Amino acid sequence: MNSPMLHVFENTDQVMEGLAIWLASQSKAHIQNHDVSYWAISGGKTPIALYQLLAKGRVDIDWASVNLFLADERDVFAKDPRSNYGSSEESLLSHLLPPPGRVVGWQTLTDPRDALAQYRRQLTGLPRPQGFPQLDVALLGMGDDGHTASIFPSSPQEAASGWVAYGPGPLCPRFTLTHSLLTHAREVVFLVTGKAKSSRVVECLRDSNCDLPAAKVSRAAPSVHWFLDQESAHDL
C-alpha cells in the first residue's frame, strides 16, 4: 500500500494556488522528460476555481505541450450546463494561449459503444509501460458518496476492468476512465474541499478496508496526493 501525500492549506484559495504551482512543476518535469505532459481533468464544481486560476496564467505551464483528457463525462450535449467539457471549456480551455496540444473529450449522444471505442483509440497514443495507458497526472475529485470520476459505488463502472466504461449516474448516464486506467497514472491527485466531505476523507485515508471508489483508487495508485483545505482535513 502506498502512503498518500497530504497537502493541507488554510482555505480554498490557498489550496488552488498550491495545486496550480504543483501542476506547473510537474508538467515542466514531464515535458523535459518526454516532450509532453498527459493530464486527465475532472468536472464538477470544486475544480472550477482551479481552472479559473490556471486560465489567468499565474503559473508557467507550456500548454502547447499538455494533452488533456476528460476523466469522465455526462451523456449530454457539450453546451448542456451539466457537461464537464462545457464547464472546463468555459473556465479554462477557451482562455489558454497557446491552447493545449490536444483536448480529448467524449463523443456524447452517440452509441455508447462507439464513443467508448473512440476514446480507447485516443488513449492508445499514451505510453504503456505496464499494458495500460499511462497518464502523467490524473486530477480527480470525490463526491459526498465517495465516488471519483464517474465511478460510483456498486455501479457497472466500478466493476469494469478495461480502460473506459459507461453506466448510470445521478441525472444521466456517464462515461468514465476506469479504476484500472486511473491507478496506472504516474501521479493521482484528489482535490477535496469543504467540511461536508471531511468524514469521507477520513474513511479514504484511515480505513484500510474502505470500499469507496475514491479509497480504492487512492490505495492502488503508486503515487497519490490529496490537496485539502482545513475544513476537509478537519477530522484527520
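The analysis underlying the following values was restricted to heavy atoms, covering all of them including side chains, and did not include hydrogens, waters or symmetry mates. If you're wondering where the values come from, they're calculated on a predicted model, not measured in any experiment.
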> Are N11 and Q230 close enough, and set up right, to give a side-chain contact (heavy atoms from CB on, under 4.5 Å), and what steps lead you there?
Replying inline: CA-CA 6 Å; N11 54 52; Q230 287 286 358; over 6 Å; no
>> Which heavy atom of S150 sits nearest to which heavy atom of Q157, and what is that distance?
In response: O-NE2, 3.2 Å
>> Please evaluate residues F132 and T183 with respect to the criterion side-chain contact (heavy atoms from CB on, under 4.5 Å), reporting the C-alpha separation (whole Å), side-chain torsions for both, the decisive distance (0.1 Å), and the verdict.
In response: CA-CA 9 Å; F132 278 79; T183 55; over 6 Å; no
> Considering only heavy atoms from C-beta outward, does the side chain of I41 approach that of S88 to under 4.5 Å?
Replying inline: yes
>> Could you measure the distance from the CG atom of L54 to the CG atom of L96? Nearest 0.5 Å is fine.
In response: 8.0 Å
> F9 vs F227 aromatic rings, parallel, tilted or perpendicular, using cut-offs 30° and 60°?
Replying inline: parallel
> Side-chain contact, heavy-atom cut-off 4.5 Å: K197 with D144?
Replying inline: yes
> Quick check: does any side chain N or O of R200 sit under 3.5 Å from a backbone N or O of A196, one acting as donor and the other as acceptor?
Replying inline: no
> Y51: what forms a ring-ring contact (aromatic ring centres under 6.0 Å, His included) with it, not counting sequence neighbours?
Replying inline: none
> Can L135 and L181 be said to form a side-chain contact (heavy atoms from CB on, under 4.5 Å), step by step?
Replying inline: CA-CA 8 Å; L135 296 157; L181 191 288; 3.8 Å; yes
>> Test: salt bridge (Lys or Arg N to Asp or Glu O under 4.0 Å). Region: residues 61-74. Which pairs qualify, not counting sequence neighbours?
In response: none
>> Quick one, W226 and M142 - any side-chain contact, counting heavy atoms below 4.5 Å?
In response: yes
> Between R102 and N67, is there a donor-acceptor pair closer than 3.5 Å when you use the side chain of the first and the backbone of the second?
Replying inline: no
>> Under the rule for side-chain contact (heavy atoms from CB on, under 4.5 Å), what residues qualify as partners of S198, not counting sequence neighbours?
In response: K195, D235
Pairs of donor and acceptor atoms involving the side chains of residues 103-110, under 3.5 Å and at least two apart or interchain, shall be tabulated with distances.
from: W106; atom 1: NE1; to: L70; atom 2: O; distance (Å): 3.0
from: T108; atom 1: OG1; to: V76; atom 2: O; distance (Å): 2.8
from: T110; atom 1: OG1; to: Q107; atom 2: O; distance (Å): 2.8

> OG1/T193 to CD/E231 distance, rounded to the nearest 0.5 angstrom?
Replying inline: 8.5 Å
> Does S25 reach the main-chain N or O of W22 with its side chain, forming a donor-acceptor pair under 3.5 Å?
Replying inline: no
>> Looking at D111, I want to see if its CG is surrounded by more than 12 non-hydrogen atoms of other residues, nucleotides or ligands under 6.0 Å.
In response: yes
> Is L23 linked to I31 within one hydrophobic cluster, defined over Ile, Leu, Val, Met, Phe, Trp and Tyr using a side-chain heavy-atom separation of less than 4.5 Å?
Replying inline: no
> Any link between W163 and L182 through a network of hydrophobic side chains (Ile, Leu, Val, Met, Phe, Trp, Tyr) touching at under 4.5 Å?
Replying inline: yes
>> I'd like to check V59 versus E17 (side-chain heavy atoms, cut-off strictly below 4.5 Å). Are they in contact?
In response: no
>> Run the ring-ring contact (aromatic ring centres under 6.0 Å, His included) test against H30 and tell me which residues pass, sequence neighbours left out.
In response: none
> Is there a side-chain contact between Y119 and L177 (heavy atoms, below 4.5 Å)?
Replying inline: yes
> Can you find a pair of side-chain heavy atoms, one from S87 and one from N84, that are under 4.5 Å apart?
Replying inline: no
>> Taking ring pair (Phe, Tyr, Trp, His ring centres under 6.0 Å) as the cut-off, I'd like each qualifying pair that reaches into residues 58-77, sequence neighbours left out, listed once.
In response: W39-W63
> Under 3.5 Å, is there a donor-acceptor pair between the side chain of D35 and the main chain of S65?
Replying inline: no
>> With a 3.5 Å distance limit and no angle check, can you tell me whether E158 reaches the backbone of S154 through a side-chain donor-acceptor pair?
In response: yes
> Same hydrophobic cluster for L93 and L53, using side-chain heavy-atom links shorter than 4.5 Å among ILVMFWY?
Replying inline: yes
>> With side-chain contact (heavy atoms from CB on, under 4.5 Å) as the criterion, how do T176 and F152 come out once you've worked through the C-alpha distance, each side chain's angles and the decisive distance to 0.1 Å?
In response: CA-CA 10 Å; T176 189; F152 297 93; over 6 Å; no
>> Test of understanding: clusters of I, L, V, M, F, W, Y form through side-chain heavy atoms closer than 4.5 Å, transitively. Do I61 and L19 belong to the same one?
In response: yes
>> With clusters defined by side-chain heavy atoms of hydrophobic residues (ILVMFWY) lying less than 4.5 Å apart, directly or transitively, does M5 cluster with V202?
In response: no
> Taking D136 for the side chain and Y38 for the main chain, is one N or O donor matched with an acceptor at less than 3.5 Å?
Replying inline: yes
> Where does the angle between the aromatic ring planes of Y166 and F175 fall among parallel (under 30°), tilted (30 to 60°) and perpendicular (over 60°)?
Replying inline: tilted
> So with a 6.0 Å cut-off around NE2 of H234, is the heavy-atom count from everything else above 12?
Replying inline: no
> Does R58 CZ have over 12 foreign heavy atoms under 6.0 Å away?
Replying inline: no
>> Taking Q52's backbone N and O only, do any of them form a donor-acceptor pair with S91's side chain (distance below 3.5 Å, no angle check)?
In response: no
>> Under a 3.5 Å distance rule, please check whether S94 uses its side chain to pair with a backbone N or O of E89 as donor and acceptor.
In response: yes
> Quick one: are Q14 and D229 in side-chain contact, heavy atoms under 4.5 Å?
Replying inline: no
